[in-house]
Amino acid sequence: MIVVGGGLIGSAIAWRLAGAGRTVRMVVGEPGAAASRVAAGMLAPVTEISFTEQALLPLNLASLGRYETFAAEVAEASGLPTGLSRTPTISVAYDADDLARLTTLKEFLDRIGLKAERLVSRDARRLEPLLSPQVRGGLLVDADWSIDNRLLWAAIGAAGRRAGVAEVDGFVHHVRRSGTQVSGVTLADGTELDAAVVVVACGAWAGQLTGIDPLPVRPVKGQILRLDPRGLPQPSQTVRAITQGSEVYVVPRAGGREVVVGATVEEKGFDRGVTADGVYELLRDARRVLPMTAEYALAETTVGWRPGSPDNAPILGPGELDGLVLATGHYRNGVLLTPVTADAISAYVLTGELPEEARAFTLERFATSHPTPPSPPSPASSPPSSPTASPPTSSPPAPETVQL
Ligand SMILES: Cc1cc2nc3c(=O)[nH]c(=O)nc-3n(C[C@H](O)[C@H](O)[C@H](O)COP(=O)(O)OP(=O)(O)OC[C@H]3O[C@@H](n4cnc5c(N)ncnc54)[C@H](O)[C@@H]3O)c2cc1C
């Protein structure tokens, strides 16, 4: 089988399936462009919740519930750390209007049964002494953790290679078919790879594959910064803030190595630019609530693209062809959703059944009519011969990353 894309989602699926005895080739694309590298690594089903995206909550919670076991398995299988931190998240408000918004969020969380403890300013600063005295109040959310997504991704990759995943350099251009059955892929350099199962896990680029109906996935640009505390005190937990109406998060890594500040949310396609305004606003907002961040060194500015679907929930399970499997559209929660996605997609490939928790997230939910669903991947079928593919085009753009 072939996995298209070697980000967190593709790597975790490839590792699980190789561990189950499948022969797996993973076409890795451009690792430097992956959202999995760029992301902040928050595991935040509670503070990331959106009033309009509640359908995603059970899946997000299910994935968080698996994270400790998943991270331990990855560490065991790879011999590498994953940087999982179970320290709670603190979400704060800067002025009276921001506090009103946080109060609305707290009422919403109460209504749907999610736990968050209300903090007055003094309590918030007792928990996080680096907070500005101007902070008006906050919420303490035990259920929102974080992970060093770069460490996790490296560890899953190593675990996959140990389990036998073969990594193929290049980009899939075209998905090949024989009748209604997927038969393999053609790479951008013209190389043809045969397979009876093809898993599409190429994040924000999933909509660009040819040979199948365009998948409804769009890139949502995010600018994000990495600061080097240079030995100065750093926050002891993830701090999220609403500051004069705009939102920022500050995610510290264990050992004082790095503090991540993010992120812009821009509907600008694959625009690569790190802008002065984007960097300015992130630094300004972080400094308002955590003045110490102004003393840190600006170590990296990066752009990444979240894979957004029409409802901003992932697209999991059967594609339009027999043997075509989809695992994309994870938008703002792909790091959080890695364990549950890897479990659901590997179960689907191995058994033909999509686990209950993933069934609401098939591509079919966007269909206006309901054609006969394709049959699940067959363990026994071999790839038919390849039809002619259209000529390969260029590879996805690399993001603008500046090491400062
Ligand atoms: C600024 C920012 C902050 C974020 N913060 C968080 C966070 O705190 N918590 C969280 O849960 N999520 C976060 N996310 C979202 C998360 O990063 C994504 O949802 C997740 O990484 C998606 O993983 P993926 O493997 O599907 O895609 P990616 O990580 O983007 O990987 C896709 C890979 O496929 C490759 N590829 C593309 N086209 C092809 C092709 N044709 N053939 C072969 N390979 C191809 C690409 O080069 C890339 O390497 C953030 C995203 C951004 C941009």
Side-chain angles (χ1 to χ4, degrees), residues 2-14 25-45 47-48 60 63-64 67 89 144-150 152-153 156-157 167-175 185-188 193 198-210 217 219-226 238 240 249 251 260-266 270 278 282 301-309 312-316 326-339 341-342 392-399:
I2 290 169
V3 175
V4 183
L8 272 169
I9 299 296
S11 302
I13 293 167
R25 285 178 291 181
M26 181 171 74
V27 185
V28 297
E30 168 50 60
S36 301
R37 190 184 77 85
V38 171
M42 292 178 296
L43 307 177
T47 52
E48 272 289 322
N60 282 346
S63 206
L64 186 76
Y67 234 104
T89 292
D144 282 1
W145 305 342
S146 69
I147 195 159
D148 185 329
N149 42 293
R150 292 183 179 180
L152 175 69
W153 188 24
I156 294 174
E167 294 180 3
V168 178
D169 288 334
F171 294 88
V172 169
H173 168 64
H174 190 79
V175 177
V185 297
T186 305
L187 305 192
L193 303 176
V198 172
V199 180
V200 175
C202 53
W205 295 270
Q208 298 184 344
L209 295 174
T210 64
V217 176
V220 182
K221 178 185 173 186
Q223 301 185 49
I224 189 166
L225 315 175
R226 281 171 162 80
T238 297
R240 304 188 68 135
Y249 53 74
V251 185
V260 185
V261 179
T264 66
V265 180
E266 304 170 60
F270 282 110
L282 292 172
T301 62
T302 323
V303 165
W305 297 285
R306 306 167 184 90
S309 74
N312 291 331
I315 303 172
L316 305 175
L326 308 177
T328 182
H330 292 78
Y331 193 44
R332 296 191 318 258
N333 290 302
V335 183
L336 170 62
L337 288 170
T338 295
T341 300
T393 54
S394 59
S395 47

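All ligand and atom numbering here is 1-based and tracks the order in the structure. No experiment lies behind these values; they were computed from the predicted model shown.
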Non-hydrogen atoms of Ala201 and Ile9 that approach each other most closely: CB-CG2, 4.1 Å
Option set Leu225, Thr238, Val172, criterion heavy-atom distance to atom 41 (N) of ligand 1, minimum: Val172
Under 4.0 Å to a heavy atom of Met42 - the qualifying atoms of ligand 1, by number: 7 (C), 8 (O), 9 (N), 10 (C), 11 (O)
Salt-bridge criterion met for Glu30 and Arg37 (N-O under 4.0 Å): no
Region of Leu8 that comes within reach of ligand 1 [heavy atoms, distance under 4.0 Å]: backbone
Backbone N/O of Val38 and side chain of Arg226: donor-acceptor pair under 3.5 Å: yes
Nearest neighbour of atom 31 (O) of ligand 1 from the list Ala327, Gly7, Gly41, on a heavy-atom basis: Gly7
From the candidates Ser36, Gly203, Gly334, Gly10, the one that places a heavy atom nearest atom 23 (O) of ligand 1: Ser36
Aromatic ring proximity, centroids under 6.0 angstrom, Trp205 and Phe270: yes
Selection from Trp153, Tyr331, Trp205 by shortest heavy-atom distance to atom 38 (N) of ligand 1: Trp205
Shortest reach to atom 1 (C) of ligand 1 by a heavy atom, considering only Gly29, Ala263, Gly6: Ala263
Winner among Gly262, Ala188, Cys202, Gly329 once heavy atoms are compared against atom 39 (C) of ligand 1: Cys202
Ligand 1 versus Tyr249: contacting region, heavy-atom distance under 4.0 Å: side chain
Region of Arg332 engaging ligand 1 - heavy atom pairs below 4.0 Å: backbone
Side-chain (Asn60) to main-chain (Pro45) donor-acceptor, under 3.5 angstrom: no
Geometric N/O contact Val4 with ligand 1, under 3.5 angstrom: no
Ile9, any N or O under 3.5 Å of ligand 1 N or O: yes
Leu336 CG to Ile147 CD1 distance, which is reported to the nearest 0.5 Å: 10.5 Å
Between OG1 on residue Thr186 and NE2 on residue His174, distance to nearest 0.5 Å: 5.5 Å
Atoms in ligand 1 with a heavy atom of Gly304 nearer than 4.0 Å: 53 (C)
Heavy-atom gap Val28 to ligand 1 smaller than 4.0 Å: yes
Under-4.0 Å heavy-atom contact with ligand 1, by part of Pro307 that carries it: side chain
Approximate separation, where rounding is to 0.5 Å, of Tyr249 OH and Thr89 OG1: 12.0 Å
